[in-house]
Protein chains: 2
Amino acid sequence: MKGIRQLAEHLDISIGTVSRALNGKPDVNEETRKRVLAAAEQLGYVANQSGRSLRQGTTNVIGLMIQSSRETVENSDNFFLTVTGGLQSVLLRHKLDLIMLPCPHDEDPYEYLKRMVARRIVDALIISETHRVDKRFDLLAKAKIPFVALGRSLSGTQHPWADLDFDGVANSAVDRLVAHGHRRIAISAPSSDINLGFIFVEGYRRALERHGIAYDPALVLRAKSSEQGGYQVGDELLKLQDRPTAVILIYELMAIGLYRRLMEAGIVPGRNIAVVSFREAPRAKFLQPALTCFRTSVHDLGVELAEILLSSMPAYSQEYPRNTRQTIWPLELIPGESDSFQLMAAE
Amino acid sequence: MKGIRQLAEHLDISIGTVSRALNGKPDVNEETRKRVLAAAEQLGYVANQSGRSLRQGTTNVIGLMIQSSRETVENSDNFFLTVTGGLQSVLLRHKLDLIMLPCPHDEDPYEYLKRMVARRIVDALIISETHRVDKRFDLLAKAKIPFVALGRSLSGTQHPWADLDFDGVANSAVDRLVAHGHRRIAISAPSSDINLGFIFVEGYRRALERHGIAYDPALVLRAKSSEQGGYQVGDELLKLQDRPTAVILIYELMAIGLYRRLMEAGIVPGRNIAVVSFREAPRAKFLQPALTCFRTSVHDLGVELAEILLSSMPAYSQEYPRNTRQTIWPLELIPGESDSFQLMAAE
DNA sequence: ACCCGTCCCGTAAACGTTTACGATCCTAGG
DNA sequence: CCTAGGATCGTAAACGTTTACGGGACGGGT
């Protein structure tokens with residue numbers, strides 16, 4: 001089966017009518033439509049995407065850009081695949097296909113995105129892993145291509161995004177630890193160039209201030225969000241004089257390495273030190289003592305992202321009305337025993 | 001910047017010449033070419049992909065199809081992102097972009113692939129997670145679209161693929177364990193509908209036969225390739241009468257759950273039972289005792305896949321000559337202590 | 001002076017769709 | 001019988017690019 005032309009002459013109908021029949025246009029006899037659909041099915045005809053895109057200037061494809069930076073590769077885990085599931089559950093209802101656009105290691109994400117946008121291969125985009133200064137927002141806004149970011153924008157201008165509530169998590173974690181009597185609390189985070197790293201520490205800092213505890217930069221341990229990173233955090237923790245009695249992790253995978261390093265030094269999480277972590281994943285369940293951490297449904301976050309995106313696409317916006325296109329996604333505390341180690345309560 | 005037409009009249013050159021200049025065709029003055037390239041760069045012009053594809057019947061995009069089936073989502077880890085890195089390192093040299101096509105949970109992979117093929121959104125495909133009977137091979141062959149599978153084909157006809165050497169791993173694992181005196185060896189594997197599950201157990205069975213050990217189906221423990229699956233394997237192991245003295249895992253993540261379950265029962269891996277696993281990942285390093293497992297460079301496997309694929313694309317085949325398009329990818333044994341538990345040697 | 005070849009460029013067709021527009025047929029109302 | 005209008009369909013233009021083809025300018029060889 002070559003194209004719509006062959007299908008049309010096989011049916012002895014004009015190609016215009018065939019197109020209208022396939023696309024559900026109103027002015028076509030129901031009986032003809034049935035014949036066309038049957039023939040298309042039988043001959044396995046599917047419209048050529050290039051021709052269609054060229055004509056109507058739309059591809060019906062949404063792109064999810066992911067950076068497989070060294071760091072991401074190590075920790076992204078199944079996060080993106082799970083988000084993808086949530087996205088698709090919404091997008092497919094509108095016959096929008098989702099593709100993933102992996103930015104190569106050695107290419108600048110901005111340049112990569114520019115290429116993809118210019119090629120006009122997708123109608124809209126979801127970008128991820130936003131940075132403190134991220135030129136991609138303005139690029140997309142200027143190109144007038146609808147998008148939503150997984151990760152907030154810190155620039156002044158308002159862009160659509162949804163982001164996990166790092167701020168709130170750091171806050172709650174500090175609150176909880178302080179309530180247990182801790183006052184010297186370390187925190188691990190990736191580079192502050194990455195929004196995640198910045199926001200997380202900001203929330204921590206403000207929470208400390210609220211409790212009247214001085215913010216000590218030495219307690220902010222920058223490390224990779226991997227097991228190795230966790231091990232390294234343990235290392236640095238042990239080297240600190242006046243060792244912290246509690247530590248907040250940004251990523252549960254790190255707990256594996258951290259536990260290991262601490263155990264090697266004879267320090268037992270939950271007994272000699274309190275550990276709280278952001279973002280629980282299934283594997284954290286197998287740590288012992290069980291990790292106290294914050295969790296959410298990543299699938300539902302994908303759904304939220306899709307809805308924000310559709311709401312900013314002219315063709316779908318009336319179906320997804322919103323008053324705000326910026327979502328801070330809440331997380332839920334899953335108590336474990338890793339923070340059972342308590343000091344005297346403050347009062 | 002709209003299209004090549006605007007660019008052409010801005011330069012006061014015909015659109016044909018502009019196109020030739022941009023595409024590096026020979027019959028264009030070098031000085032004009034420079035002007036064109038400069039103007040394109042300055043105005044940010046990039047050729048519209050739809051127009052180009054429509055004309056030359058090629059998209060310069062390669063698709064990597066992944067199934068985010070429940071099982072895959074849980075264990076795929078960063079396997080696909082790492083493979084993607086290897087693929088891109090080759091494909092980008094030929095200006096071929098890679099996109100990932102995630103098949104939705106609730107859609108049949110075959111139907112999904114059919115849609116993607118018919119839409120003609122990619123020039124060639126990499127498919128993954130091949131099944132015992134996998135109609136996708138014939139679909140792609142019939143559609144004459146170049147492809148390579150990550151995972152072997154078990155049908156009679158010859159298709160291009162590269163696959164990890166499950167067979168060899170099971171073989172070596174059994175050899176090693178038998179040499180240590182074990183004769184009652186359990187194995188974990190996913191469903192035998194999946195090639196991986198089938199081949200792995202086949203290799204195990206043949207190795208046992210070679211050593212004159214009877215194959216006992218009760219020792220084949222089907223489970224998910226996740227921590228939970230590992231825990232479950234431990235459960236079943238404990239329930240077996242005449243408990244095996246050794247167990248072979250298909251996936252290192254499972255070791256986390258298995259260790260946990262065994263420890264709960266007071267059985268220490270490496271002391272009371274021998275554990276060997278397929279496919280090492282970074283996190284396995286943090287298990288204690290260290291897991292004995294087989295490892296390879298997944299990145300390089302991606303490179304191999306890309307080369308097989310290009311060798312079967314007419315436009316590139318002369319650059320990648322091969323006599324065979326089927327690769328069994330070897331793995332390397334990384335000895336740990338999880339299999340230090342030895343029985344009397346046989347002789 | 002003539003011809004041929006090379007270099008460069010412009011023209012226009014073609015790729016497969018969608019869709020605005022107009023044509024045809026039929027029915028119903030007068 | 002005439003006509004308005006709805007239902008259905010055919011025609012052709014348009015989307016943005018690549019590329020086959022042909023033509024003009026120029027230079028060198030005879």
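The analysis underlying the following values was restricted to heavy atoms, covering all of them including side chains, and did not include hydrogens, waters or symmetry mates. All chains are named by letter (A, B, ...) in the order of the sequence lines, taking the proteins before the strands, and each is independently numbered beginning at 1.
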Base, sugar-phosphate alone, or nothing: which one does Ile15(B) contact when heavy atoms must sit under 4.0 Å apart? base
Starting at the 5' end of DNA chain D, which residue's closest nucleotide do you reach first, Gly16(B) or Ser50(B)? Ser50(B)
Can you name the side-chain contact (heavy atoms from CB on, under 4.5 Å) partners of Ile15(A), sequence neighbours left out? Ile4(A), Arg5(A), Ala8(A)
Between Gln56(B) and Ser14(B), which is nearer to the 5' end of DNA chain C once each is assigned its nearest nucleotide? Ser14(B)
For the helix from dA1(C)-dT30(D) to dG30(C)-dC1(D), what is the angle between the axes at its two ends, each from 5 pairs, rounded to 10°? 60°
Outermost DNA chain D nucleotides near chain B [under 4.0 Å, heavy atoms]: dG16(D) to dA20(D)
Sorted by chain and number, sequence neighbours left out, side-chain contact (heavy atoms from CB on, under 4.5 Å) with Ser50(B) holds for Ser53(A), Leu54(A), Asn48(B)
Exceeds 12 heavy-atom contacts within 6.0 angstrom, atom CD of Glu111(A): yes
Could I get the full list of salt bridge (charged side-chain N to carboxylate O under 4.0 Å, His left out) partners for Glu41(A), not counting sequence neighbours? none
Which residues, if any, of residues 20-35 of chain B bring a heavy atom under 4.0 Å of DNA chain C? Arg20(B), Asp27(B), Val28(B), Asn29(B), Thr32(B)
For Tyr320(A), check ring pair (Phe, Tyr, Trp, His ring centres under 6.0 Å) against everything at least two apart and list the hits. His94(A)
Counting only side-chain N and O atoms of Thr17(B), is one of them less than 4.0 Å from OP1 or OP2 of dC9(C)? no
Suppose we screen for side-chain hydrogen bond (donor to acceptor under 3.5 Å, both in side chains). Which residues come up paired with Arg136(B), at least two apart in sequence or across chains? Asp134(B)
Among residues at least two apart in sequence or on other chains, which ones pass side-chain contact (heavy atoms from CB on, under 4.5 Å) with Ser153(A)? Phe137(A), Ser155(A), His159(A), Trp161(A)
Hits for salt bridge (charged side-chain N to carboxylate O under 4.0 Å, His left out) against Arg119(A), two or more places apart or cross-chain, chain-then-number order -> Asp97(B)
List the residues meeting side-chain contact (heavy atoms from CB on, under 4.5 Å) with Val298(A), not counting sequence neighbours, and say none if there are none. Phe79(A), Thr82(A), Val83(A)
Donor-acceptor pairs are to be reported for all side-chain atoms of residues 138-148 of chain A against protein atoms at under 3.5 Å, with residues two or more places apart or in another chain.
none

